[in-house]
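Keep in mind that the numbers below use all heavy atoms, side chains included, and drop hydrogens, waters and symmetry copies. Just so we're on the same page: letters track the sequence lines, and every chain starts at 1.
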Number of protein chains: 2
Amino acid sequence: MTEETDHGRTAAAHGSRIDNYVDRYAARATGMVASEVRALFAVASRPEVVSLAGGMPYVTALPLDVVGELVADLVARRGPVALQYGSGQGDPHLREQICEVMRLEGIEAGPDDVVVTVGSQQALDLITRIFIDPGDVVLAEGPSYVGALGTFAAYQASVVHVPMDEDGLIPSALEETLTTLARMGRRVKFLYTIPNFQNPAGVTLAAERRRQVLEICQRAGVLVVEDNPYGLLGFDGEPMRALRADDPDGVVYLGSFSKTLAPGFRVGWALAPHAIRDKLVLAMESAVLSHSTFSQLAVGQYLATQPWREQIKSFRELYRERRDAMLSSLEALMPPGCAWTRPAGGFFVWMTVPEGLDSKAILPRAVAERVAFVPGTGFFSDSQGARQMRLSYCYPQPDRIREGVRRLAGVIEQEMELRATFGTGSARDHFGVDTPGPDLA
Amino acid sequence: MTEETDHGRTAAAHGSRIDNYVDRYAARATGMVASEVRALFAVASRPEVVSLAGGMPYVTALPLDVVGELVADLVARRGPVALQYGSGQGDPHLREQICEVMRLEGIEAGPDDVVVTVGSQQALDLITRIFIDPGDVVLAEGPSYVGALGTFAAYQASVVHVPMDEDGLIPSALEETLTTLARMGRRVKFLYTIPNFQNPAGVTLAAERRRQVLEICQRAGVLVVEDNPYGLLGFDGEPMRALRADDPDGVVYLGSFSKTLAPGFRVGWALAPHAIRDKLVLAMESAVLSHSTFSQLAVGQYLATQPWREQIKSFRELYRERRDAMLSSLEALMPPGCAWTRPAGGFFVWMTVPEGLDSKAILPRAVAERVAFVPGTGFFSDSQGARQMRLSYCYPQPDRIREGVRRLAGVIEQEMELRATFGTGSARDHFGVDTPGPDLA
């Protein structure tokens, strides 16, 4: 990061940082602003800081030598294909393999309905590009994935949050929200939902609610966008049945190899009803021509030659141990008045601090005490989240997680004491969406 | 392709192809339609057809074993980085290497001003996303790169073409166009230009015109987007000096490793003035979070360990031989009344057929005679190009090029005879932009 900063300084010394183009950007560009907590996270990436902020999977657990060899083999044997342009829809064989992966969640689909994308983030971008005119409404859980909110904002969508409880999205709240919006004459284009081990809330949509959510959306003519990067990383029993498994025409399903293999390949996908699939391919070609054949075939080769189900199982064990470390230390160390969710899979715990405290105001002090988290406000498009924070357990080792929670508990206790002494803290409203750095996804 | 078609049929048999979402797409999606010549190109990919259509580089010329080994080494040694999320701006070391590559064209820039993108196509997409509101004008050479026209259409830009001659974009025509548009009160956001070995015209902007183009755009307050994928693939002498080299504040430069190394990595970049660079990074993160670290580090490793300048030299020799094969056989075989450009680098010749002939009407007959090309209409946003076609010499061997030109000359002769016998052919107007398949880029 030092290097980066130095370059920045050099450039500033040479040229002007005044924006000559300020009156020439598109309207959508005015919503593109860097998160105010970014600078802090640059500090938080120092090794002495325990980062409970990032959503980075623990790729060190992969058999790196084996992956290296299979990639070498791929280039030597199939180089003229692997290094060439590919089709906009993605490699046909990989799309078949993707269908096999989705079968684990009850999805029956053919490779013709799959579009391979640059991570599922690009699938989100393309689906928004296809459906959203400025001012259209997107429904999303509150809180929701910060990268999705950033994309919706970039297309000038209006995000309306639907509340969750420990069983995920609340169907009656969804119904009420739709009724209210219909009465207001607002156009709802889709519901964006992360049903399993939600980012950031860590909760899972209960089985009986899945049918209800589908029925409500069908009745209202609202498409469901099901984002499911963590579905195979559950700690108890079999994977949940995907929403898409019960409504092939009403759901666009987004999947990813970023958490079950590695994010460095940037291979995700969308499974969509036929007509939408056609538009997605055209949007894909207009956006990037085609995804990296090299990356796609590397993932395909891995799936074809390696025991990938076993690898996912070992990731599950790894993350379960870290989840346990986090929950037990939260239980042991957090002061009274703090509450948190108990994820049954995935990467994240969502914590609420006592009234009067502001998680964004706490962050600089936490970083000074060598622990980092993501403040809750970034996960909402409105002013919610000031008392919340996302704690991730995916990347640090269990003892580091315990140490991080210990440091954080100390900071929160100090804040509570200050508040008891000097009165209510500086809880601030939050406006706009912070665009996340990729390490915070 | 057979496999693809079969899946398509299966899906059609199972589900409905009726578009339930037809009234729910965004306004921009109505412009997303597949090219009508796509089906033909599926046929044209058969081995017995000589394709002068595709823009695929000849990656078989690369030392594939060596590339395979360096990638294996990369994953084994630096796997935890190569397989992880990266920064939205791109790998810092690769950005330094990119600056070294650009120095060959007279560009002095620091890595802080570079954003690594998913091919230069994504750079085009992001720059359009940042600058274009529906109805804004983009100036582009006529003809211009079909993939750029598709992207501009996806953002509902209004493309106005500026004519070229054998020395590239005509400065006086640029000036006139700007004056006319100013009089009409139209907002011109940028000039999109491919100065070297233009796609599809094969012409190069003369050195003395470069200053003039920059001055005209500076005066009019119009940003220049310089797209330069072929700049290092010139057949005579040193690379031309980039427009960006003489105007760091007024030019966004787009580069790519797709033609100098391999497109399968999808590594391109944008070099932009500081304020625009900031927006590009935010747009990049919102679109895909970050590009594949695996791809980026593979390219970086190649540049660091292989004689890449020598490799570019050998690509130049290879393409020069193919250009020569095409020009000499066009000279020997084409009937009178045909005219074509004489590229000094790059991949493409632009041919004009005699009056009364229509290149799109000729294509099915050409494919029946086992030769393919891209009709000219796709390279314009208006109704121009009916008498033109793009012939590429990058991919087939020289003897195949000669055979392809022989077949094409036969088809054109037949068409001319038909026309002489039955009168004027069916020259049609063309509306809208065809979105290209990636293989036609």
Side-chain angles (χ1 to χ4, degrees), chain A residues 7-8 10-11 17 19 21 25-27 29 32 56 59-60 64-65 67-69 71-72 75-76 79-80 82-85 88 92 110-112 118-119 121-122 125 130-133 150-151 154 262-266 274-275 279 282 285-290 292-295 435 438-439 441, chain B residues 3 7-8 10-11 17 19 21 25-27 29 32 56 59-60 64-65 67-69 71-72 75-76 79-80 82-85 88 110-112 118-119 121-122 125 130-133 150-151 154 262-266 274-275 279 282 285-290 292-295 435 438-439 441:
Chain A
H7 288 313
T10 316
R17 278 190 177 265
D19 189 352
Y21 297 93
Y25 295 116
M32 297 180 187
M56 298 194 299
V59 294
T60 312
L64 297 175
D65 284 0
V67 175
E69 275 161 36
V71 174
V75 175
L83 302 184
Q84 193 52 273
Y85 288 112
D112 194 48
V118 182
Q121 183 72 28
Q122 193 195 18
D125 184 75
I130 287 173
F131 279 102
I132 298 299
D133 285 314
T151 299
F265 297 112
R266 306 305 295 119
H274 234 83
K279 300 266 185 210
L282 293 168
E285 289 172 357
S286 152
V288 300
L289 285 185
S290 62
S292 164
T293 320
F294 177 62
S295 270
T435 302
D439 51 335
Chain B
E3 185 196 30
H7 288 312
T10 316
R17 277 191 178 266
D19 188 353
Y21 297 93
Y25 295 117
M32 296 179 188
M56 298 194 299
V59 294
T60 313
L64 297 175
D65 283 0
V67 175
E69 276 161 37
V71 173
V75 175
L83 302 183
Q84 193 52 272
Y85 289 110
D112 194 49
V118 182
Q121 182 72 29
Q122 194 195 19
D125 184 74
I130 288 173
F131 278 102
I132 298 299
D133 285 315
T151 299
F265 297 112
R266 307 304 296 117
H274 235 84
K279 299 266 185 211
L282 293 168
E285 289 172 357
S286 152
V288 300
L289 284 185
S290 62
S292 164
T293 320
F294 177 61
S295 271
T435 302
D439 50 336

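Atom CD of B:Glu285 sits about 13.0 Å away from atom CG of A:Asp125, to the nearest 0.5 Å. Atom CZ of A:Arg266 and atom OG of B:Ser295 lie 11.0 Å apart (nearest 0.5 Å). Remark: B:Ile130 CD1 to A:Tyr21 OH distance equals 12.0 Å, nearest 0.5 Å. Note that CD of B:Gln121 is 9.0 Å distant from OH of A:Tyr85, once rounded to the nearest 0.5 Å. One distance of note links CE of A:Met56 with CG of B:Leu83; it measures 13.0 Å at 0.5 Å rounding.
Only the backbone of A:Ala82 comes within contact range of chain B, with heavy atoms under 4.5 Å apart.
The two residues A:Ala154 and B:Ser286 have their closest heavy-atom pair at CB-OG, 3.6 Å. Contact record, B:Pro263 with A:Gln84: CG-OE1, 3.2 Å, taken as the closest heavy-atom pair. Considering all non-hydrogen atoms of both residues, B:Ser292 and A:Gly264 come closest at OG-O, 2.7 Å. The minimum heavy-atom distance between A:Ala72 and B:Ala72, with the atom names listed, is CB-CB, 3.5 Å. Of all heavy-atom pairs between B:Ala27 and A:Asp133, the closest is N-OD1, 2.8 Å.
Taking chain B as the reference chain and counting heavy-atom pairs below 4.5 Å, the highest number among A:Ile132, A:Asp65, A:Thr60 is found for A:Ile132.
Ring planes of A:Phe294 and B:Phe294: parallel class, angle under 30° (limits at 30 and 60°).
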